[in-house]
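Please read these numbers as outputs of a predicted model, since none were measured by experiment. Every chain is numbered from 1, with letters handed out A, B, ... down the list of sequences.
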There are 2 protein chains.
Amino acid sequence: MKPTIKDIAARSGVSIATVSRVLSQKTGTYSEKTQAKILRIAKELGYRKNTAAVELVKKRSAVIAVILNATPTNFSTGVIDGIQKRASELGQGVIILYAGNRDAQMLHKAIVTALERTVSGILLTAIEPDDADLTLLKDSGIPFCFVSLYLNQPKILSVSSNNESITSQAVDYLVEQGHTAIALAGIDGYHTGTQRIAGYEAGLKAHGITTSCIKYGDYSYESGRKLLQEFLPLKVTAIITASDMIAAGILNAAQEVGIRVPEDLSLVSIDGTIICNITTPDLTSVTQDFYRIGSRSVDQVMGHDVETFVPVKIEKRGSVKQLER
Amino acid sequence: MKPTIKDIAARSGVSIATVSRVLSQKTGTYSEKTQAKILRIAKELGYRKNTAAVELVKKRSAVIAVILNATPTNFSTGVIDGIQKRASELGQGVIILYAGNRDAQMLHKAIVTALERTVSGILLTAIEPDDADLTLLKDSGIPFCFVSLYLNQPKILSVSSNNESITSQAVDYLVEQGHTAIALAGIDGYHTGTQRIAGYEAGLKAHGITTSCIKYGDYSYESGRKLLQEFLPLKVTAIITASDMIAAGILNAAQEVGIRVPEDLSLVSIDGTIICNITTPDLTSVTQDFYRIGSRSVDQVMGHDVETFVPVKIEKRGSVKQLER
DNA sequence: GTACTTTACGTAAACGTTTACAATACCCTA
DNA sequence: TAGGGTATTGTAAACGTTTACGTAAAGTAC
């Protein structure tokens with residue numbers, strides 16, 4: 001049988017209260033001598049705290065729940081690293097709940113699990129809940145924060161890159177390089193996609209460009225490959241892609257049909273993960289600071305007031321050609 | 001205040017025992033009428049079960065803990081998908097504990113967290129614990145299983161590919177294609193690496209090849225790039241790489257110095273993730289079935305006796321050249 | 001010595017469930 | 001009607017902690 005504080009108390013001749021105080025380090029309430037004795041006996045017995053009992057009496061667990069989508073893009077390790085790091089600085093554990101791929105049922109289950117565990121905060125990364133789940137979260141009294149998704153609703157916490165800024169910066173850069181026939185590819189039809197479209201169109205407008213070209217997709221490599229087909233009859237000179245994976249798909253499919261990047265087609269991808277280095281040529285990207293997004297989201301959900309938008313930067317690699325005017 | 005079964009009991013005029021029975025679906029112990037009433041009231045009150053209380057009295061939580069390394073390789077989504085799917089079939093929740101990158105302290109913390117939560121099983125993916133942690137696990141009485149790592153110790157559960165088979169198959173294939181100067185690159189110095197070396201050397205020996213060439217690394221893209229430098233003075237015609245990322249690194253660094261793949265150098269990578277499609281040329285790989293590794297590991301840890309080794313297969317893509325003899 | 005303060009510890013209630021056991025209600029049969 | 005069974009519900013203990021409150025012991029000051 002697993003030893004409890006009762007066993008330790010019996011063995012050391014003190015009450016369970018004292019054992020508890022020592023074990024949970026309520027310093028100043030016990031003598032060094034008893035501390036030493038209890039710690040020794042606890043070790044001897046191989047004692048482990050029962051988290052369930054602790055959480056039951058404390059009514060809140062020192063744990064942040066991260067609900068994660070199985071996105072075909074791979075930004076998540078950066079985000080998680082950031083979350084993990086900051087959470088452990090704040091004395092919080094982290095549990096990750098997996099919500100499949102836009103699977104409403106799994107998502108709901110994950111949210112309920114988090115609520116039933118009365119975690120101290122919920123982080124939803126790249127997740128768009130339906131209204132029912134959103135009210136569920138709101139009514140729970142547990143703070144939650146969207147990560148890498150900006151809902152643009154009052155009083156809803158969120159940490160992400162500024163999607164409008166991402167695409168408008170990409171447009172600015174491409175225009176600077178002489179491009180005017182610029183497409184946006186692989187975007188989703190939800191909040192993120194909508195915001196990126198807004199930034200894209202604002203960017204074009206600012207430069208007096210009137211023709212836009214938008215293709216939807218799902219952030220995956222395969223999606224990128226398919227999208228290239230749609231671009232074949234079009235005469236764009238540059239494409240901004242919704243993810244590195246989309247860019248990689250377009251790039252490879254293009255090369256297969258003899259379109260050279262960047263000579264015949266320029267590509268600016270959004271994300272800036274290691275994928276950008278793996279392709280040939282390397283992908284110029286609007287790079288997001290996923291680590292910082294993760295760490296700031298922990299601050300948000302723990303009630304520290306920090307920035308909602310984390311800055312992005314353009315990293316020039318090899319997939320954009322400077323056009324002569 | 002969050003409602004409890006007590007509140008429901010009070011409102012519906014039954015005892016908490018009955019409420020509990022309805023809510024935990026002890027079918028046959030309550031009437032349909034009370035069930036309906038209790039369910040309705042529970043919904044009205046926005047009741048949520050308190051997991052801590054449940055776990056406390058049940059002494060075991062219906063949760064599998066997955067302890068995860070931040071490997072520079074990206075096989076984990078496949079593994080996790082498999083784990084998640086199978087776990088939910090078996091009515092188990094999944095929590096993921098992140099152990100950083102070969103960070104003994106974080107790993108220890110993760111293991112302790114899992115034990116303190118008295119989970120029903122612990123899955124260690126791509127993790128090699130030190131002796132202290134291993135005894136900790138053994139003494140805990142909680143079943144644990146290594147995933148994607150084979151320790152080759154009696155009575156230790158494990159699900160992985162057969163590392164010896166991976167490299168020997170790779171050697172077989174390369175020899176078949178006419179190669180005899182075959183290197184192994186990016187391997188680690190621990191169990192996985194050792195096993196792959198064994199398979200590699202056995203493979204060479206089986207074909208009467210006496211010269212071997214082994215370079216160590218850490219599975220990352222950068223590590224692959226560095227490794228290429230070491231191969232420059234050597235005259236190997238083919239390299240088996242420890243991961244797709246290593247292969248990508250070697251490939252790109254090679255192309256930068258004018259070595260063409262596969263014309264001048266053939267590459268067989270281990271893993272077979274999407275990375276193999278992203279590089280130019282595509283990487284021929286020994287592909288692991290990560291999804292199945294994940295799902296089988298759940299079976300293992302839940303006490304079902306399943307295979308330890310999950311088969312791999314060679315997928316021929318574009319990075320191996322057939323040599324004339 | 002008393003009176004007071006501080007330190008260290010003990011007692012017992014509380015957290016929200018589950019479940020063994022006991023009790024009641026109901027139905028059926030003879 | 002009694003007797004027996006079954007279906008449904010209630011009572012109360014248990015799970016392993018934390019912590020408010022009380023108390024004993026030890027120290028301090030006069």
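Comparing the end axes of the helix from dG1(C)-dC30(D) to dA30(C)-dT1(D), each fitted to five base pairs by superposing C1' atoms of four pairs onto the next four, gives an inter-axis angle of 40° (nearest 10 degrees).
Pairs of residues two or more places apart, or lying in two chains, that qualify as side-chain hydrogen bond (donor to acceptor under 3.5 Å, both in side chains) and include a residue from residues 24-33 of chain B are S31(B)-T34(B). Residue pairs meeting the salt bridge (Lys or Arg N to Asp or Glu O under 4.0 Å) criterion with at least one partner in residues 298-311 of chain A, sequence neighbours excluded, are R86(A)-D299(A), R292(A)-E307(A), R296(A)-E307(A). Applying the side-chain hydrogen bond (donor to acceptor under 3.5 Å, both in side chains) test to pairs two or more places apart or on separate chains, none has a residue in residues 136-146 of chain A.
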Which side-chain N or O atoms in residues 43-50 of chain A pair as donor and acceptor under 3.5 Å with protein atoms at least two apart or in another chain?
| residue | atom | partner | partner atom | Å |
| --- | --- | --- | --- | --- |
| E44(A) | OE2 | R40(A) | NH1 | 2.9 |
| N50(A) | OD1 | A52(A) | N | 2.9 |
| N50(A) | OD1 | A53(A) | N | 3.1 |

For residues 1-9 of chain B, which side-chain donor-acceptor pairs fall under 3.5 Å, sequence neighbours excluded?
| residue | atom | partner | partner atom | Å |
| --- | --- | --- | --- | --- |
| T4(B) | OG1 | K6(B) | N | 3.1 |
| D7(B) | OD2 | T4(B) | N | 2.7 |

Only pairs under 3.5 Å count here: list side-chain donor-acceptor contacts from residues 151-163 of chain B, not counting sequence neighbours, and write none if there are none.
| residue | atom | partner | partner atom | Å |
| --- | --- | --- | --- | --- |
| N152(B) | OD1 | Y150(B) | OH | 3.4 |
| S158(B) | OG | L149(B) | O | 2.9 |
| S161(B) | OG | Q288(B) | OE1 | 2.5 |
| N162(B) | OD1 | E164(B) | N | 3.0 |
| N162(B) | OD1 | S165(B) | N | 3.2 |
| N163(B) | OD1 | R196(B) | NE | 2.8 |
| N163(B) | OD1 | R196(B) | NH2 | 3.3 |
| N163(B) | ND2 | Q195(B) | OE1 | 2.9 |

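Listed by chain and number, the residues in a side chain to side chain donor-acceptor pair (under 3.5 Å) with K109(A) amount to none (sequence neighbours excluded).
Whole-Å rounding puts the R60(A) CZ to dT18(D) C1' distance at 17 Å.
In this structure a side-chain-to-backbone donor-acceptor pair under 3.5 Å is missing from D271(A) to T273(A).
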*What string of B, S and - do you get for nucleotides 4-17 of chain C, 5' to 3', when a contact is any protein heavy atom under 4.0 Å?*
----SBBB---BBB

